[in-house]
Amino acid sequence: MTRERHYWLVKSEADGFSWNDLWKSPKRTTFWDGVRNYQARNMLRDDFKKGDLVFFYHSNSDPNEIVGVCEVVREGYADHTAFDPGEQHFDAKSDPDRPTWYMVDLRAKEAFKRPVTLAELRKVPGLEKMELLRKGSRLSVQPVSKKEWEIVYELGMDGERAASPARGR
DNA sequence: GCCAACGTTGGC
DNA sequence: GCCAACGTTGGC
């Protein structure tokens with residue numbers, strides 16, 4: 001059974017685990033641990049499939065922006081950090097035999113030529129329904145429609161259309 | 001730092 | 001089952 005590729009977005013704080021941290025990881029790959037929200041858990045456990053593509057978004061950052069594209073390289077499995085009392089996201093209620101929390105493995109695929117900020121996304125026609133832009137949206141794992149994906153990807157990969165002056169560094 | 005929106009917990 | 005209190009997320 002083949003399935004069309006699905007598209008997603010995950011949030012991370014730039015001064016927590018940034019795109020750059022992922023890029024420097026072995027094989028540019030990490031396990032996406034620490035998700036402790038049931039809606040997000042369900043997507044990681046049931047809906048993330050190998051080959052799906054994922055926007056990497058910096059939240060609580062300055063500026064907030066989408067910075068690159070990852071690929072799902074391993075599908076949902078138990079988030080072992082929930083079992084370890086030393087871990088920040090330890091959860092005594094998660095039983096290794098019947099895990100409450102799940103994670104996937106993500107590999108950085110492609111850095112955007114230029115990050116696309118939240119402020120810019122809000123102005124782009126066609127993204128009105130994007131989950132990221134919904135008022136009060138807090139989901140750290142969320143679906144992105146194919147149309148939304150194409151619009152945002154285009155912006156990130158089209159240096160010419162930079163809405164703001166070239167950024168330093 | 002502020003605060004709105006949201007999810008979870010627990011008393012009833 | 002309802003809902004107030006609380007903790008967290010995350011934009012500004």
Side-chain angles (χ1 to χ4, degrees), chain A residues 6-23 30-48 52-70 72 76-106 108 111-112 114-145 147-149 151-153 155-156 161-169:
Chain A
H6 289 204
Y7 299 94
W8 309 97
L9 178 146
V10 296
K11 299 177 182 175
S12 189
E13 304 199 8
D15 49 13
F17 186 81
S18 70
W19 170 260
N20 213 30
D21 293 331
L22 175 57
W23 197 261
T30 191
F31 47 85
W32 203 256
D33 64 310
V35 171
R36 297 293 179 268
N37 166 286
Y38 287 102
Q39 215 181 328
R41 185 281 310 269
N42 291 347
M43 290 187 263
L44 292 179
R45 186 190 58 190
D46 306 331
D47 303 328
F48 271 57
D52 283 357
L53 296 180
V54 185
F55 283 141
F56 193 106
Y57 174 78
H58 283 159
S59 63
N60 267 318
S61 305
D62 188 17
N64 300 313
E65 55 192 8
I66 298 176
V67 289
V69 175
C70 312
V72 177
Y77 61 109
D79 180 344
H80 55 75
T81 67
F83 308 140
D84 180 350
E87 287 284 344
Q88 185 189 351
H89 295 106
F90 170 66
D91 180 359
K93 295 190 299 299
S94 187
D95 174 353
D97 291 330
R98 243 179 154 274
T100 307
W101 305 115
Y102 283 73
M103 59 188 184
V104 298
D105 287 357
L106 298 179
F112 272 5
R114 66 173 187 92
V116 180
T117 66
L118 181 64
E120 179 181 358
L121 289 171
R122 289 196 189 284
K123 298 182 209 154
V124 178
L127 300 183
E128 293 83 2
K129 294 196 174 155
M130 195 171 177
E131 172 66 22
L132 184 70
L133 306 183
R134 241 193 61 238
K135 185 181 165 105
S137 165
R138 285 176 17 185
L139 267 183
S140 67
V141 173
Q142 49 183 258
V144 173
S145 77
K147 257 214 169 99
E148 291 162 353
W149 180 276
I151 292 171
V152 174
Y153 183 79
L155 291 173
R161 276 196 61 178
S164 48
R167 307 148 56 81
R169 90 195 57 196

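Quick note on labels: first sequence line is chain A, next is B, and so on, each numbered from 1.
Atom C1' of nucleotide C/dG10 and atom CD of A/Glu13 are separated by 8 Å, given to the nearest angstrom. Regarding A/Gln39, its CD atom lies at a distance of 16 Å from the P atom of C/dT9, rounded to whole Å. The distance between atom CZ of A/Arg122 and atom P of C/dG11, rounded to the nearest whole Å, is 8 Å. Summarising the geometry, the separation between NZ on A/Lys11 and P on C/dT9 is reported as 11 Å, rounded to the nearest angstrom. A/Asn64 has its CG atom 15 Å from the P atom of C/dT9, to the nearest Å. Here C/dT9 presents its P atom at 18 Å from CG of A/Leu118, a figure rounded to the nearest Å. Rounded to whole angstrom, the span from the CG atom of A/Leu132 across to the P atom of C/dC12 amounts to 10 Å. Rounded to a whole Å, the CG atom of A/Leu139 is 13 Å from the C1' atom of C/dG10.
Residues passing the side-chain contact (heavy atoms from CB on, under 4.5 Å) test with A/Asn60, sequence neighbours excluded: A/Glu13. When the side-chain hydrogen bond (donor to acceptor under 3.5 Å, both in side chains) test is applied to A/Thr81, the partners found at least two apart in sequence or on another chain are A/Arg36, A/Asp79. Qualifying side-chain hydrogen bond (donor to acceptor under 3.5 Å, both in side chains) partners for A/Asp105, counting only residues two or more places apart in sequence or in other chains: A/Tyr77. Evaluation of the side-chain contact (heavy atoms from CB on, under 4.5 Å) rule for A/Arg41 yields A/Tyr38, A/Arg45, A/Thr100, A/Trp101, A/Tyr102 as partners, not counting sequence neighbours. Not counting sequence neighbours, the partners of A/Phe90 by the side-chain contact (heavy atoms from CB on, under 4.5 Å) test are A/Pro85, A/Ala92. For A/Gln39, the side-chain contact (heavy atoms from CB on, under 4.5 Å) partners at least two apart in sequence or on another chain are A/Asn37, A/Leu139. Partners of A/Phe112 according to the ring-ring contact (aromatic ring centres under 6.0 Å, His included) rule, which considers only residues two or more places apart in sequence or in another chain, are A/Phe55. In this view, A/Arg134 and A/Glu131 satisfy the side-chain hydrogen bond (donor to acceptor under 3.5 Å, both in side chains) rule, not counting sequence neighbours. Taking A/Tyr7 as the reference, nothing meets the side-chain hydrogen bond (donor to acceptor under 3.5 Å, both in side chains) condition, with sequence neighbours excluded.
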Protein N or O to nucleotides 2-8 of chain C N or O, pairs below 3.5 Å:
unit_1	atom_1	unit_2	atom_2	d
C/dT8	O2	A/Arg138	NH1	3.1

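Within residues 82-92 of chain A, no residue has any heavy atom under 4.0 Å from DNA chain C.
End-to-end axis angle for the helix from B/dG1-C/dC12 to B/dC12-C/dG1, using five pairs per end and rounding to 10°, comes out at 10°.
Here the shortest heavy-atom pairing between A/Gln142 and A/Ser137 reads NE2-OG, 3.9 Å.
Side-chain atoms of A/Asn64 come within 3.5 Å of backbone N or O of A/Ser61 as a donor-acceptor pair.
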